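This is the structure I have questions about; it appears just below.
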Amino acid sequence: MIHLFHRRITFSLALTIGFLILILIGSILLSLPFADKAGQATAYSDALFTATSAVCVTGLSTVTTATHWSFFGQLVIMILVEVGGLGFMTFAVMLSNFAHQRMSLGARMLTGEALNLNHLSQFRVVRLIIRLSLVIQLIGAGLLFIALEPKLGLGKGIWYSLFHSVAAYCNAGFDLFGPSLEQLNNNPYVLTVIMLLIGAGSFGFLVWRDLLTYHIRHKITLHTRFALTVGLIILVLSIIGFLFSEQNLKQFSGSLNGVDRFFNTLFLAVTPRTAGFFSVPYSKLSTAGIAITIILMFIGGTPGSTAGGVKTSTIGILFLQSIGTFTGKEPAFSHRRFTRDNINRALTLFFSAILLIILATLLLTMTQPSLDHNGVTKAVFEAVSAFGTVGLTLGLTPHLNLFGKIIIMALMFIGRVGIYTFMYSIFKSHPTKQSYRYPEEEIIVG
């Protein structure tokens with residue numbers, strides 16, 4: 001519990017309120033006339049949608065980022081993406097350090113909640129997150145500048161490089177080229193830099209901590225080993241899947257040679273893991289390619305990272321649990337068993353996410369006039385993209401009515417703060433174990 005306005009509230013509720021305040025501030029700034037290139041006030045529903053998408057590091061937008069927003073508007077979006085990606089509590093720590101003030105125990109626990117830190121002893125990882133993130137983004141901006149400066153000039157090259165480096169690292173699909181990176185699909189260098197930034201952001205802060213301090217601790221935690229293993233397996237399988245489903249990418253551009261087509265296929269496999277950029281139009285992908293993309297968006301990245309989705313560790317635990325059920329063995333990895341709480345949380349998260357997406361899809365199909373009887377795929381794609389904070393779309397977002405915008409904003413928000421944090425903030429407290437147990441009795445399953 002922490003105190004806010006002399007009232008005791010849970011850490012989860014404080015975290016949820018923090019994100020809501022960020023969204024509110026961002027929406028007000030984006031609704032100002034000088035945030036629009038035309039000098040006119042943007043409709044508040046569009047400003048709110050964009051602010052929600054930025055804070056939730058998604059990238060879905062009802063207006064075109066490159067042509068609608070002025071430099072001020074684009075700067076606001078980039079700042080919201082940075083704060084939303086790293087977590088507002090991370091920046092609270094940074095400001096506290098600059099002011100040479102010690103954070104209260106409640107603030108430290110709230111930061112742990114925001115960054116999925118299990119122990120207060122891991123609090124020092126916050127400083128590592130700040131330094132590492134800034135260094136990676138600056139390096140990424142420098143690498144992008146090498147390729148973009150000759151094409152855009154000095155000033156524009158610096159701005160575009162910085163904006164896309166922040167967006168890629170924070171796994172937000174906002175871009176200033178429009179549409180996304182299609183005009184760069186014949187530039188493997190830029191695509192590689194963007195993919196590396198996406199990967200760096202979706203690794204997870206605790207994974208980076210383990211990797212960077214290995215020479216000191218000579219130890220890799222089970223979480224890091226499991227996250228890297230599952231992530232690598234999913235990446236390899238997705239690359240193979242797209243190589244089979246999209247065998248000929250010449251249909252997107254006659255200028256793509258064999259090397260370009262390979263890198264675009266690799267880009268297709270990396271970006272659905274909550275990044276939201278695309279180098280080839282998703283409207284022209286095969287049905288199998290769309291299905292693979294939906295699956296990848298649902299899975300997402302590593303816990304404690306800028307990525308969304310149900311997370312790789314959830315999928316990995318459930319897969320091993322399923323194998324264990326069929327073989328009669330306990331699920332284990334690297335000679336370690338998972339706790340029952342781990343398995344239960346993974347099951348609850350997976351089931352809750354499925355129900356949420358089903359409900360959102362039904363509501364979208366019932367309320368959006370732009371969807372015809374073949375629009376279910378678009379609705380599912382949009383719902384999963386929003387929940388996974390990905391930012392990819394099959395063209396539905398610009399045509400959403402007010403109710404549709406509310407649905408997608410809710411999905412983006414829940415996907416960013418997390419289902420557990422969102423539900424705990426509603427029920428006001430973490431569940432407590434009951435002091436009694438009912439007798440067991442089996443029912444028929446399957």
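For clarity, every value in this text was computed on a predicted model and none was experimentally measured. As a basis for the values below, the full set of heavy atoms in this structure was taken, side chains included, without hydrogen atoms, waters or symmetry mates.
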Determine whether the aromatic ring centres of F267 and F242 lie less than 6.0 Å apart.
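When the ring centroids of F267 and F242 are compared, they turn out to be at least 6.0 Å apart.
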With a 4.5 Å heavy-atom cut-off, do L60 and K405 have their side chains touching?
no
Rounded to the nearest 0.5 Å, what's the gap from CD1 on I407 to CE on M366? Could you check?
8.0 Å
With no hydrogens and no angle check, is any side-chain donor or acceptor of K37 less than 3.5 Å from a backbone partner on G73?
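It does not hold such a pair.
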Could you tell me the separation between the OG atom of S385 and the CG atom of L394, rounded to the nearest 0.5 Å?
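Nearest 0.5 Å value for the OG-CG distance: 9.0 Å.
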Check whether any side-chain N or O of R273 sits under 3.5 Å from a backbone N or O of S202 as a donor-acceptor pair, and report yes or no.
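Looks like no, no N/O pair under 3.5 Å.
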Supply the atom-to-atom distance F174 CZ to S61 OG, rounded to the nearest 0.5 angstrom.
5.5 Å
How many angstroms lie between atom OG1 of T325 and atom CD of E330, to the nearest 0.5 angstrom?
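If I round to the nearest 0.5 Å, the distance is 11.0 Å.
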Apply side-chain contact (heavy atoms from CB on, under 4.5 Å) to the pair H68 and T50, showing each step before the final yes or no.
CA-CA 11 Å; H68 180 85; T50 304; over 6 Å; no
Say whether, by atom type as modelled, one donor and one acceptor occur between the side chain of S45 and the main chain of A43 under 3.5 angstrom.
no
Over 60° means perpendicular and under 30° means parallel, so classify the ring planes of F177 and Y160, tilted if in between.
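Because their plane-to-plane angle is over 60°, the rings of Y160 and F177 count as perpendicular.
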Can you tell me if CZ on F71 sees more than 12 non-hydrogen neighbours from other groups inside 6.0 Å?
yes
To the nearest 0.5 angstrom, please state how far the CG atom of L196 sits from the CG atom of L191.
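Spacing of CG (L196) from CG (L191) equals 11.0 Å.
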Evaluation steps, side-chain contact (heavy atoms from CB on, under 4.5 Å), between L232 and T229
CA-CA 5 Å; L232 180 61; T229 301; over 6 Å; no
Nearest 0.5 Å, please: how far is CG in L176 from CD in Q74?
4.5 Å
In this structure, are over 12 heavy atoms from other groups packed under 6.0 Å from F244 atom CZ?
no
Measure up the Y282 and F278 rings against each other and bin them: parallel (under 30°), tilted (30 to 60°), perpendicular (over 60°).
perpendicular
Would you confirm whether N185, through its side chain, and N264, through its main-chain N or O, come within 3.5 Å as a donor-acceptor pair?
no
